[in-house]
Amino acid sequence: MTQSPDEARPRVKGSQTAMAAAYLVAIVLGVCSGLWGGETIHAFADFVSSIFIRLFKFISIPIIAVSIIATLASISRSSESGRIFRHTIFYTLFTTILAATLAAVLYVAMSPANVAMTAGAIAPQVAEHSYLEYIQSVIPDNFLAPFLSANVLSVLLVSAAIGIAISRLPRDSRSQEVLLAFFTGAQEVLFILVKWLIRVLPIGIFGFISALVVEMNKGVEIGGLGTYFGVILAANFVQMLVVLPLLMLARGVNPIRVAKGMAPALAVAFFSKSSAGTLPVTMSCAENNVGVARPVSRFVLPICTTINMNGCAAFILVTVVYLMQNAGAEVTLPMLAAWILISTLAAVGNAGVPMGCFFLSASLLASMNVPIMLMGVILPFYAVIDMIETTLNVWSDSTVAAMVNHDLGKDEKDDEAVPAAV
């Protein structure tokens, strides 16, 4: 006997409440352990945080690679209209790159100060090589080398190439079907592993918070964290209220009309924190309120829900750069340029991963041996950030759909005008 959605909903809410309570308990216990715990408790907390860093490293590279391959192979394979597909991918990547670039600019302008922690033995490792040398290492001389050495940028680029290559195989051929089934199945298996990790994550949060409080007890200043949060919020709101409306105006689309029409979807996105869950409302608002053609809405919005992650790109860039800065890395223009590319590709591969950007950022940092104790401090505030990011993502999806619909309508008019002129 199957359960109705109404019967299942209380269980989902109860599970979310239990997880929130577990996070709160872990934070409280971590603070108490850091303030009043003895050497044995501190050693146990360090052991727990080390275990979770190893788990992040274990899952990070496979899930990033498989997600990007499966996503690019699937969306390219599902394209019925090359013209709609090209417009959608262009606007999706363009808005995501703009979001990451804006975040980088705001990071430089606001310059969040370090949390005055001891970086430890890892810091020289992080700052040792210039980013020009790091970019040089992107081209591997062995297929397995990027995965074995956890070279994140190489993995992202290799995975993108493989995903596009699979999409270029003969449509519906056995080779394409088998490869797509393999990577889709692998993605589902990894998502199950991630769900298991998320269930025990409060234990890791205890370790991270405890270790951080021990450092704070030694005279740590955490004032820079306020500026860090300010950079993320500013990046989201400027992208939402300035950049995307200006982009629509430049393409001849009225942003106010689109915002009014999409208001119900944006409200659902804010409270649900799920772009995928909001998709039916987004499609209904786009078609009925904004006037987006049904074929455009039904093709563009599912793709955008999968890969158009403006808020995620900004969060990844700011979070990773800030924690690397705290670990001793120098923030330079080549470094920021590299992370604009990395955060854009990582956001594309973020589709369907539980805890989204937070988990992906922690995984990227862990794979590069960057201390992630500060992620435990960020976590309690991430729920609010996630609500704003999801709203931005759905607003960006709506923007792309409106612009693609406008462009295709204009193209059709131009095509009709050509024979008349001739």
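Below, each value reflects all heavy atoms present in this structure, side chains not excepted, and no hydrogens, waters or symmetry copies.
When all heavy atoms of M240 and W395 are compared, the closest pair comes out as O-NE1, 2.9 Å. In this structure, Y322 and L225 approach most closely via the heavy-atom pair OH-N, 3.5 Å. Closest approach of T88 and C304 over heavy atoms only: CG2-SG, 4.3 Å. Of all non-hydrogen atoms in P170 and S173, the two that sit nearest each other are O-OG, 2.8 Å. Closest of all the heavy-atom pairs between A346 and I316 is CB-CD1, 3.9 Å. For the residue pair V370 and A327, the shortest heavy atom distance occurs at CG1-CB, 4.0 Å.
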Full working for side chain to side chain contact (heavy atoms under 4.5 Å, CB included) between L179 and L169: CA-CA 10 Å; L179 287 170; L169 291 172; 3.8 Å; yes

Side chain to side chain contact (heavy atoms under 4.5 Å, CB included) evaluation trace for V231 with V321: CA-CA 12 Å; V231 173; V321 171; over 6 Å; no

Check against side chain to side chain contact (heavy atoms under 4.5 Å, CB included), V394 and F270: CA-CA 9 Å; V394 172; F270 183 80; over 6 Å; no

Assess the residue pair I232 and T319 against the criterion (side chain to side chain contact (heavy atoms under 4.5 Å, CB included)); give the C-alpha distance rounded to whole Å, side-chain angles, the decisive distance to 0.1 Å, and a yes or no. CA-CA 8 Å; I232 291 180; T319 301; 4.0 Å; yes

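Remark: the backbone N or O of P112 is paired with a side-chain donor or acceptor of Q325 at under 3.5 angstrom. Between the side chain of N393 and the backbone N or O of N310 there is at least one donor-acceptor pair closer than 3.5 Å. The main-chain N or O of D386 is found under 3.5 Å from a side-chain atom of T390 such that the two form a donor-acceptor pair. Side chain of S33 to main chain of L29: no donor-acceptor pair is present (N/O by atom type, distance under 3.5 Å, no hydrogens or angles). A donor-acceptor pair is defined here as one N or O able to donate and one able to accept, closer than 3.5 Å; such a pair exists between the side chain of N405 and the backbone of A293. With hydrogens and angles disregarded, no donor-acceptor distance shorter than 3.5 Å links the side chain of Q239 to the backbone of T96. For D397 (side chain) and L301 (main-chain N/O), no donor-acceptor pair under 3.5 Å exists by modelled atom type.
At least one side-chain heavy atom of E287 sits under 4.5 Å from a side-chain heavy atom of R298. Within the 4.5 Å cutoff, no side-chain heavy atoms of V200 are placed close to those of I51. Between L249 and P255, the closest side-chain pair of non-hydrogen atoms falls below 4.5 Å. Annotation: side chain of F237 is in contact with side chain of I388 (closest heavy-atom distance under 4.5 Å). In this structure the side chain of T282 reaches within 4.5 angstrom of the side chain of M262, judged on heavy atoms.
Here the CZ-CD1 distance, from F206 to I27, works out to 12.5 Å after rounding to the nearest 0.5 Å. With rounding to the nearest 0.5 angstrom, the OG1 atom of T344 is 9.5 Å from the CG atom of L98. The CD1 atom of I89 lies 12.0 Å from the NE2 atom of H87; values are rounded to the nearest 0.5 Å. Atom CG in L341 sits 13.0 Å away from atom CG in L336 (nearest 0.5 Å). Taken to the nearest 0.5 Å, the NZ atom of K260 stands 12.0 Å off from the CG atom of N289. The OG atom of S297 sits 8.0 Å away from atom CG of L279, with the distance rounded to the nearest 0.5 Å.
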If you look only at distance, which donor and acceptor atoms sit under 3.5 Å apart when one is on a side chain in residues 156-166 and the other is two or more places apart or in another chain?
{"unit_1": "S159", "atom_1": "OG", "unit_2": "V155", "atom_2": "O", "d": "2.6"}

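Within 6.0 Å of CZ in F44 there are 12 or fewer heavy atoms belonging to other residues, nucleotides or ligands.
Among residues two or more places apart in sequence or in another chain, the side chain to side chain donor-acceptor pair (under 3.5 Å) test is passed with Y91 by R251, D407.
No option in T92, V292, V300 other than V300 meets the side-chain contact (heavy atoms from CB on, under 4.5 Å) test with V404.
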